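It should be emphasised that the depicted structure is a prediction, and the values quoted were computed from it without experimental measurement. Naming: A, B, ... by sequence-line order, numbering from 1 per chain.
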Amino acid sequence: MVTSLRGMPDIYPEETQQRDQLTKIFTNTAFLHGFHRIETPILESLDVFVRSVGETSDIVSKEMYTLKDKGERDLCLRPENTAGIIRSILNNKKSHIENQKYFYYGPMFRYERPQKGRLRQFSQLGIEYINAKSPTADVESIILANDFIKNIGITDYTLELNTLGDEETRKNHKKALVEYLSKHQQNLSKESQDRLQKNPLRILDSKDEKDIEICQSAPLLVDFLSKSAQDFFDRVVNLLNELNIYFNLNPYLVRGLDYYSHTIFEFKSGDLGSQSTFLAGGRYDKLSQLLGGRVLPSVGWAAGLERLMLISNLKKEDQITTLVIPGDESLVSPSLSLVDKIRSRGITSEVSPSTSFKSGLKYANKNQVNFAVLLGAKEQETNTVTWKNLLTGSQHTNTLEEFIKEIKK
RNA sequence: GCGGGUGUAGCUCAGUUGGUUAGAGCGCCAGUUUGUGGCACUGGAGGCCGUGGGUUCAAACCCCAUCACUCGCCCCA
């Protein structure tokens, strides 16, 4: 038998309903904050991510779905959306516009071993606040995240916050860090010894016990913050405090994508196993330059839809549904007209697949229809409908208008 | 990429030290007289025991491989 690919599940209505509800709430929340939806291609040039996310990052070095097209161009399925959106802003000559607010949702791809809350094709939803240099933008992004999280019924979570500073900050810190870690090189884990060359900052985020111990007394980036980077972060922290948004300062927090600078944050939940982060983001002032554009200070975040599904608490949306059951073949056509009339009132209506009240009612019951409409010869003659409330079992015969009035109660 | 666990009916799972026609519950289909669902009762359909190889007189059961799912590691949303 032909099967689906690993980590690429088929999604049926039991889940699509909840997914749609989540994206609907996300859309509404983002609209309330003045954000508008952007859509960029799923397939991009490999370069978009190699240059932005970083060649040494795990995402690019081992998790990309790459392919060649018929013109031998190197392409890949997008592992995230931020780089694609900035690429788009540059291509479409929109870099001069300040304070652009976008949101998106859609499929992303990473070639990883699937596990709880992690798939190869997964959905992310996120926002980008582009060409926004004020620290207020960082705070607004976090507020939007917070609102969204609350709106989907997640109550048990923490927000971790850190700053990566500006380039000057990181240059100085990196120097001190490499100096310090080199002294302990032989005690570092194998991975971290590798990282020492490629991306020493990541060692601070290691889960290896020895690494953690060594990092305890490693020079912290916070101590190297330039005046302007410090001021910027102070403004973010103060605003969050003034707004009573609770967060933990975590000086060890780093991100897996190379393009971040200044503010970074992660929302975490304890209910996701090892994949505790369900929403994460930060500021990425230099990303557009990596893609060959002008400076475009921006901030944004992304959340994993599947992870949100595991921890969200959505109320079921109830809506009225009706099923019209023709009593015999000759009543199929009148039934089709009847459902059309009911639908035109904005009420979901189906025609029973069979022309017997018995099997029609069974179908209605199975598909959780609220009201069955029995259209028999009698009703047809008297221009009425017999309708049954399937929850209570009560049954009445009325005109169509009376029926609709009744069920809308 | 690395490690652990699990693959038997649509679903959840039994299946004895290897031994005849592989079971249950739920679900599905049909029936239990009137133009009527849910509940109950009765009956029925449905399995290459994940796939391929091997050991054996004999394999769902033992061995090897492979695939899938799952939980961790790494990493990430």
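Comparing B:U36, B:G72, B:G35 by their nearest atom to the side chain of A:Q115 picks out B:G72. Side chain of A:L374, nearest nucleotide from B:C71, B:G35, B:C69: B:G35. Considering only the side chain of A:K388, B:U36 comes nearest among B:U36, B:G38, B:G35. Comparing atom distances between the A:F278 side chain and each of B:A68, B:G35, B:A77 picks out B:A77 as nearest. Which of B:C76, B:G37, B:C73 sits closest to the side chain of A:K362 comes down to B:G37. Nearest nucleotide to the side chain of A:Q395, out of B:G1, B:C28, B:U36: B:U36.
A donor-acceptor contact under 3.5 Å is not formed by the side chain of A:K366 with the base of B:G37. The base of B:A77 lies outside donor-acceptor range of the side chain of A:R118, with no N or O pair under 3.5 Å. Contact annotation: side chain of A:R113 to base of B:C76, donor-acceptor pair absent below 3.5 Å.
Within the nucleic acid shown, A:L119 comes within 4.0 Å of at least one base atom, counting heavy atoms only. Base contact: A:L390 has a heavy atom under 4.0 Å from a base atom. Residue A:G7 is classed as a sugar-phosphate contact, given heavy-atom separations below 4.0 Å to backbone atoms only. If you check every strand for non-hydrogen atoms under 4.0 Å, A:N365 touches a base. Using a 4.0 Å heavy-atom criterion, one finds that A:R110 contacts the bases of the nucleic acid, with or without backbone contacts as well. Within 4.0 Å of A:G126, counting heavy atoms only, lies no atom of the nucleic acid at all. If you check every strand for non-hydrogen atoms under 4.0 Å, A:A364 touches nothing. Here A:E379 lies in heavy-atom contact (under 4.0 Å) with a base. Note on A:E112: a base of the nucleic acid sits closer than 4.0 angstrom, heavy atoms only.
Counting to the nearest Å, the P atom of B:A77 and the CZ atom of A:F103 are 21 Å from each other. B:G35 atom P lies 18 Å from atom CD of A:E329, rounded to whole Å. Here B:U36 presents its P atom at 21 Å from CZ of A:F371, a figure rounded to the nearest Å. The NZ-C1' distance, from A:K116 to B:C74, rounds to 19 Å in whole Å. As rounded to whole Å, 12 Å separates atom C1' of B:G37 from atom CG of A:N389. Rounded to an integer number of Å, the gap from A:N81 CG to B:C76 P is 18 Å. Between the P atom of B:C67 and the CZ atom of A:R6 lies a distance of 8 Å, rounded to the nearest Å. Distance CD (A:E63) to C1' (B:C2): 14 Å, rounded to an integer number of Å.
Between B:C76 and B:C39, the two C1' atoms lie 50 Å apart (nearest whole Å). Look at the P atom in both B:C64 and B:U20: the space between them is 25 Å, to the nearest Å. Taking atom P on both B:A24 and B:U34, the two are 31 Å apart, rounded to the nearest angstrom. Separating the C1' atom of B:U6 from that of B:U51 is a span of 16 Å, rounded to the nearest Å. A distance of about 13 Å separates the C1' atoms of B:U55 and B:C61, rounded to the whole Å. For the C1' atom pair drawn from B:A40 and B:U66, the interatomic distance equals 49 Å after rounding to whole Å. If you take atom C1' in B:G46 and the same atom in B:A77, they sit 41 Å apart, rounded to whole Å. Using atom P as the reference point in both B:C41 and B:G50, the two lie 33 Å apart (nearest Å).
Residue-nucleotide stacking is present for A:F122 and B:A77, judged by a side-chain ring centre under 5.5 Å from the six-membered base ring centre and planes under 30° apart.
Counting heavy atoms from C-beta outward, A:F247 and A:L240 have side chains that approach closer than 4.5 Å.
Under the Watson-Crick or G-U wobble criterion, with both distances below 3.5 Å, B:U56 is left unpaired in every strand shown. Across all strands shown, B:U34 forms no Watson-Crick or G-U wobble pair with both distances under 3.5 Å. Base pairing of B:G25 is made with B:C11, judged by Watson-Crick or G-U wobble geometry with both donor-acceptor distances under 3.5 Å. Using the Watson-Crick or G-U wobble rule with both distances under 3.5 Å, B:C48 pairs with nothing in any strand shown. Nucleotide B:C69 forms a pair with B:G5, judged by Watson-Crick or G-U wobble geometry with both contacts under 3.5 Å. Nucleotide B:U20 forms a pair with no other nucleotide shown, judged by Watson-Crick or G-U wobble geometry with both contacts under 3.5 Å.
Between A:F35 and A:Y102, a ring centre-to-centre spacing not shorter than 6.0 Å is recorded. Checked against the 6.0 Å centroid criterion, the rings of A:H396 and A:F403 do not qualify as a close aromatic pair.
With its glycosidic angle more than 90° from 0, B:G7 adopts the anti conformation.
Without hydrogens or angle criteria, A:N367 side chain to A:V369 main chain gives no donor-acceptor distance under 3.5 Å. Checked by atom type and distance alone, the side chain of A:Q100 pairs as donor or acceptor with a backbone atom of A:I97 at under 3.5 Å. In this structure a side-chain-to-backbone donor-acceptor pair under 3.5 Å is present from A:R120 to A:E112.
Heavy atoms from other residues, nucleotides or ligands lying under 6.0 Å from CD of A:E55 number 12 at most. Atom CZ of A:R19 is surrounded by more than 12 heavy atoms from other residues, nucleotides or ligands within 6.0 Å.
Note on ring orientation: taking the six-membered ring where Trp is involved, the planes of A:H262 and A:F232 are tilted (angle from 30° to 60°).
Mapped onto RNA chain B by nearest heavy atom, A:P114 and A:A302 fall at different nucleotides, with A:P114 at the one closer to the 5' end.
Contact annotation: A:K358 side-chain N/O to B:U36 OP1/OP2 distance is not under 4.0 Å.
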